Amino acid sequence: MSETPSTDISHDQHAVRRGKLAEMRATGFDPFRANVSPTHFSQDAKALYVEGQDNAVTVTVAGRLVTFRVQGGSSFVKIQDQQGVIQLYFRKDVLGEERYQFFKKGLDLGDIIGVTGTLFLTKTGEITVRVDAFTLVSKALRPLPEKWNGLTDSEQIYRQRYLDLIVNTESRNRLMTRSKIVSHIRRFLEDRQFLEVETPVLQAIAGGAAARPFQTHHNTLGVDFVLRISLELYLKRMLVGGYDRVFEIGRNFRNEGVSRRHNPEFTMLEVYQAYSDYRGMMTLVQDLLRSICQNILGVSEIKHAASGEVINFGGEWREVRYKDLIIEKTGDAGWFSRSKEEKVAGVQKLGLYADPKWEEFELTNEIFGKLIEPKLIQPTFVTHLPKELCPLAKITPDDPGTIDVFELIIGGMEIAPAYSEQNDPDVQRAMFEAQAGEEQQKVDQDFLLALEHGMPPAGGMGIGIDRLCILLTGAESIRDVILYPQLRPGS
RNA sequence: GGUUUCCUAGCUCAAUGGUAGAGCAGUUGACUCUUAAUCAAUUGGUUCCGGGUUCGAGUCCCGGGGGAACCA
């Protein structure tokens with residue numbers, strides 16, 4: 001007799017689980033061919049419990065095993081579904097020897113099961129399902145991350161988001177809040193008779209913003225395309241087409257840096273309303289953000305994660321001119337009539353890097369971006385921006401150097417820019433050409449043709465959904481509010 | 001792109017240049033109201049990869065891969 005070298009696989013959780021699966025299949029049960037019909041989600045089920053009436057209500061619930069406590073002939077386990085966690089109580093005398101043994105030995109943390117049973121209250125006051133019958137409907141062949149510390153390795157959190165969602169309640173809640181915010185935005189706008197539309201991602205010219213686009217190619221047409229960097233120009237064509245209130249929530253792509261605040265693909269909301277203007281957009285965005293706070297977060301103020309300051313969404317929102325903020329910061333009432341050399345010196349004096357090659361408005365905007373914007377924590381409408389910053393807005397009637405726009409800053413971040421949209425095709429063409437001259441951008445002639453057919457006066461607004469979610473969920477990074485942030489492909 | 005920093009068991013983390021360890025998870029056993037259940041026993045390592053220095057490298061050096069923070 002040769003002794004068979006019994007290889008100890010007890011340390012290899014993957015192998016152990018595969019072994020359990022093989023055993024089940026050998027007895028004629030394949031969990032991957034089983035299913036269950038849940039009658040309730042976990043929290044809905046718990047809500048059915050009537051005080052003092054144990055085992056009166058029968059439910060079927062399903063989810064992933066996240067806690068497993070065997071205690072001889074009775075066991076408590078917990079399963080997790082979309083709504084959260086519910087405790088289950090398994091007893092040998094209810095299930096019988098064979099099924100109880102299958103439960104004890106066949107199941108592992110991470111498995112997905114369905115159970116039918118009755119609701120009761122444990123000694124310690126937790127509503128629990130007393131299990132009469134159960135089915136395994138998916139075997140987890142890999143173990144879950146540790147239960148107490150969860151998953152902390154940021155790389156694994158992003159690459160295997162599903163594990164993060166299973167194990168880190170905070171991530172789960174934060175990303176679910178994002179879904180609810182987006183859904184609420186749709187409802188809010190639809191209630192105001194805005195129509196949601198979808199416009200092309202593949203575009204011949206990347207318009208509506210200044211950013212480096214991703215290049216791609218259509219084989220059959222034999223044409224180079226870019227992925228859109230903005231939604232703006234196609235939505236405005238909708239205004240020409242007679243859709244007076246439109247919006248799109250869509251992905252934009254910018255081939256630029258990746259950071260805590262930037263992902264190469266990000267989600268924008270853009271809204272256009274005919275016969276409105278940037279002041280109308282102020283009301284709209286205030287109402288929208290307050291509505292999200294009330295209905296989704298259930299609050300009227302939130303704590304700003306970075307500064308610790310409490311941001312108040314109620315009350316009057318501050319409104320201030322760009323120019324006044326710059327003068328205040330530089331302490332120079334004559335800043336805007338200084339020469340370029342003086343501005344370079346002025347920027348450097350404030351401790352910032354200033355490139356002499358920059359345009360004057362860029363020098364000034366460096367001060368705004370680096371020293372002013374990060375300090376604006378409470379909701380602030382910055383108005384009357386220099387016209388060079390955006391070629392798509394109307395010039396302020398009594399100040400040809402500025403445009404009828406605002407930038408809403410909250411928590412030191414630009415949350416929502418809005419314009420009185422330029423609808424004069426000739427002015428628009430001149431602005432495009434001036435910009436094209438500087439940056440060698442192609443002019444979107446097709447858009448100008450549309451404007452020549454007549455676009456109603458309109459207010460337009462954009463909201464960076466990712467940044468809004470950072471703000472409202474107290475996240476530290478854009479990666480925490482994007483399910484699958486961009487990473488280098490793993491090895 | 002630059003600077004700094006991190007990568008050790010399935011997960012969370014230890015380890016003066018000198019025998020790679022702990023908790024959880026896993027395995028075996030006990031336990032019919034547990035709450036990070038408890039108790040007893042126990043398995044588990046290409047220390048990200050490739051070189052180098054050294055009697056000796058998880059640790060020091062060089063190159064590469066990936067992550068993070070700050071800067072651009």
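The structure presented is a predicted model; accordingly, all values stated were derived computationally and were not measured. Note on naming: letters A, B, ... go to the chains in the order of the sequence lines (proteins, then strands), and numbering restarts at 1 for each one.
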Taking only N and O in the side chain of [X], is any of them less than 4.0 Å away from OP1 or OP2 of [N]?
X	N	value
A:Arg479	B:A69	yes
A:Lys105	B:U27	no
A:Arg260	B:A68	no
A:Gln71	B:U38	no
A:Lys104	B:U28	no
A:Lys147	B:A25	yes
A:Thr152	B:C13	yes

[X] and [Y] ion-paired at < 4.0 Å:
X	Y	answer
A:Asp466	A:Arg178	yes
A:Lys92	A:Glu98	no
A:Glu360	A:Lys340	no
A:Glu256	A:Arg212	no
A:Asp108	A:Lys20	yes

Which part of the nucleic acid, if any, lies within reach of [X] when heavy atoms closer than 4.0 Å are counted: base, sugar-phosphate only, or nothing?
X	value
A:Gly257	nothing
A:Asp153	sugar-phosphate
A:Arg488	sugar-phosphate
A:Ser75	nothing
A:Tyr89	base
A:Ile9	nothing
A:Phe68	nothing
A:Gln156	sugar-phosphate
A:Val70	base

Can you tell me, in whole Å, how much space there is between the [atom1] of [N] and that of [M]?
N	M	atom1	value
B:G10	B:C6	P	22 Å
B:C31	B:G21	P	34 Å
B:A14	B:A20	C1'	10 Å
B:A22	B:A15	P	15 Å
B:G66	B:A30	C1'	46 Å
B:G58	B:C49	C1'	14 Å
B:G17	B:G1	P	34 Å
B:U12	B:A68	P	15 Å

Side chain of [X]: nearest nucleotide among [options]?
X	options	answer
A:Val16	B:G67, B:A36, B:U27	B:U27
A:Phe120	B:C33, B:U12, B:U27	B:C33
A:His11	B:U43, B:U27, B:A25	B:U43
A:Pro143	B:G67, B:U27, B:G10	B:G10
A:Ser74	B:U34, B:U32, B:A68	B:U32
A:Leu151	B:A69, B:A72, B:U12	B:U12
A:Ser10	B:U27, B:G66, B:U12	B:U27
A:Thr122	B:G26, B:A36, B:C33	B:C33

How long is the span from the OG1 atom in A:Thr380 to the CD1 atom in A:Ile410, to the nearest 0.5 Å?
-> 8.0 Å
Assert: residue with more 5' nearest nucleotide on RNA chain B, out of A:Leu109 and A:Gly73, is A:Leu109
Could you say whether A:Gln13 or A:Lys78 is positioned toward the 5' end of RNA chain B, judged by the nucleotide with the nearest heavy atom to each?
-> A:Gln13
Length of the line joining [X]:[atom1] and [N]:[atom2], which is rounded to integer Å:
X	N	atom1	atom2	result
A:Trp358	B:A72	CH2	C1'	10 Å
A:Asp8	B:A9	CG	P	19 Å
A:Leu141	B:G26	CG	C1'	15 Å
A:Glu476	B:A68	CD	C1'	12 Å
A:Asn149	B:A14	CG	C1'	14 Å
A:Asp12	B:U42	CG	P	21 Å
A:Asn263	B:A68	CG	P	11 Å
A:Leu487	B:C48	CG	P	20 Å

A:Phe134 six-ring face occupied by A:Arg99 cation (under 6.0 Å, within 45°) = yes
Pairs touching residues 123-134 of chain A that satisfy salt bridge (Lys or Arg N to Asp or Glu O under 4.0 Å), sequence neighbours left out = A:Lys78-A:Glu126
Check RNA chain B for consecutive Watson-Crick or G-U pairs with both distances under 3.5 Å and list the runs of at least three as stems.
-> B:1-7 with B:65-71, B:10-13 with B:21-24, B:26-30 with B:38-42, B:48-52 with B:60-64
In terms of ring plane angle, is the pair A:Phe103 and A:Phe68 parallel, tilted or perpendicular, where the classes change at 30° and 60°?
-> tilted
Under 30°, 30 to 60°, or over 60°: which ring-plane class applies to A:Tyr89 and A:Phe120, parallel, tilted or perpendicular?
-> tilted
Indicate whether the side chain of A:Asp44 and that of A:Gln83 have a donor and an acceptor atom separated by less than 3.5 Å.
-> yes
